[in-house]
Amino acid sequence: MTRVVDVGEGRLVPYVDQPIVEPPRARKNTARGKVYAKRYGGPPEAIESLEKKPGWFDWASMRRKQLYAATGVPTTLKKPGRIAGVLNGKTFAQTQVALKRGRKIAMEDMKNIKAKVDPIEDDKAEEALTTTLTILRTKDVALTTKLAAARLLLDFTKSKPSSKSEVTVKSAEDWLAQIADDSEQPD
């Protein structure tokens with residue numbers, strides 16, 4: 001539809017009404033999709049559609065088992081990122097080597113502890129102590145984790161020091177008797 005619009009000073013301009021056009025939508029962040037596609041072989045929608053196909057889940061779980069057997073590194077399609085228990089900045093294999101070294105030193109410490117102390121009767125307590133010593137003796141473990149393990153070890157092996165403040169409570173009769181004794185002494 002064409003109409004005439006007054007733009008001021010007696011000037012009239014023809015104006016053609018046009019349908020309202022939506023502004024272009026912001027471009028989606030495709031970086032996440034690219035990372036997902038690189039890691040899992042397709043965008044999230046493709047993975048979800050694959051899960052609906054018959055036999056895909058069995059094939060994927062078999063493939064994960066094959067990869068684990070070949071590399072020794074557990075894989076998963078659902079949890080991207082560092083595997084739980086892997087040390088910061090290390091691979092899974094490097095973490096296993098570091099923990100093996102720490103466990104070896106911890107076992108030597110456990111032999112020394114058993115020689116000096118009565119044998120530990122509870123197997124779970126011995127395992128907990130060995131695990132704590134392993135964390136303490138592993139070189140690449142974070143300092144906060146080592147401090148937490150040391151605190152745990154001290155809580156269960158050493159008793160906390162008790163405060164040695166003696167509280168003397170005197171009754172009113174004792175106080176009066178003391179005043180009477182002081183007054184009877186000649187100056």
Side-chain angles (χ1 to χ4, degrees), residues 26-48 50-51 56-170:
R27 193 169 160 234
K28 277 185 171 181
N29 182 3
T30 57
R32 181 181 176 274
K34 287 179 182 176
V35 169
Y36 201 94
K38 183 178 179 185
R39 188 174 288 157
Y40 301 120
E45 301 82 33
I47 297 295
E48 290 169 6
L50 281 175
E51 289 177 348
W56 182 86
F57 187 77
D58 297 332
W59 174 84
S61 58
M62 179 187 68
R63 181 72 180 136
R64 269 185 244 123
K65 289 176 186 173
Q66 288 173 347
L67 287 172
Y68 180 71
T71 62
V73 179
T75 58
T76 176
L77 291 178
K78 295 295 180 186
K79 295 181 182 175
R82 190 170 64 204
I83 301 166
V86 175
L87 299 174
N88 218 357
K90 302 289 181 186
T91 64
F92 182 79
Q94 291 170 337
T95 299
Q96 294 303 317
V97 170
L99 288 175
K100 193 179 286 186
R101 280 190 213 128
R103 204 171 292 121
K104 183 178 177 183
I105 298 169
M107 294 308 267
E108 292 172 7
D109 290 346
M110 281 300 291
K111 287 179 187 175
N112 294 338
I113 290 172
K114 287 179 183 177
K116 293 179 182 177
V117 183
D118 294 334
I120 301 171
E121 297 151 2
D122 190 9
D123 292 337
K124 290 180 182 178
E126 185 175 341
E127 183 180 352
L129 183 60
T130 306
T131 305
T132 306
L133 287 172
T134 302
I135 291 169
L136 286 172
R137 298 300 185 216
T138 303
K139 185 172 72 171
D140 298 324
V141 173
L143 182 61
T144 54
T145 309
K146 283 188 176 187
L147 290 174
R151 186 180 311 115
L152 180 71
L153 187 62
L154 287 175
D155 284 347
F156 286 101
T157 55
K158 297 282 186 178
S159 61
K160 294 182 180 178
S162 60
S163 60
K164 296 182 179 180
S165 60
E166 294 181 16
V167 179
T168 56
V169 180
K170 293 185 178 181

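All of these numbers come straight from a predicted model, not from anything done at the bench.
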Residue list, side-chain hydrogen bond (donor to acceptor under 3.5 Å, both in side chains) with [X], at least two apart or on another chain:
| X | result |
| --- | --- |
| K114 | E126 |
| D109 | R137 |
| N88 | R82 |
| E108 | none |

Check: Is there a side-chain contact between L153 and L133 (heavy atoms, below 4.5 Å)?
Finding: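 They are in contact (side-chain heavy atoms under 4.5 Å apart), so the answer is yes.
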
Check: Can you find a heavy atom in the side chain of R63 that is under 4.5 Å from one in the side chain of Q66?
Finding: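 Yes, side chains in contact.
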
Next item on the list: Please round to the nearest 0.5 Å and tell me the distance separating atom NZ of K124 and atom OG1 of T131.
Entry: 13.0 Å

Check: Step by step, would you call Q96 with K100 a side chain to side chain contact (heavy atoms under 4.5 Å, CB included)?
Finding: CA-CA 6 Å; Q96 294 303 317; K100 193 179 286 186; over 6 Å; no

Note to self: Applying side-chain hydrogen bond (donor to acceptor under 3.5 Å, both in side chains) as the test, list every pair that has at least one member in residues 138-152; sequence neighbours left out.
What the structure shows: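 Residue pairs with at least one partner in residues 138-152: there are none.
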
Item checked: By side chain to side chain contact (heavy atoms under 4.5 Å, CB included) - contacts of Q94 (at least two apart) ->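 Here the qualifying residues are K90, T91.
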
Next item on the list: State which residue, out of T132, L147, I135, fulfils the side chain to side chain contact (heavy atoms under 4.5 Å, CB included) condition with L152.
Entry: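 Checked T132, L147, I135 against L152; only one passes side chain to side chain contact (heavy atoms under 4.5 Å, CB included): T132.
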
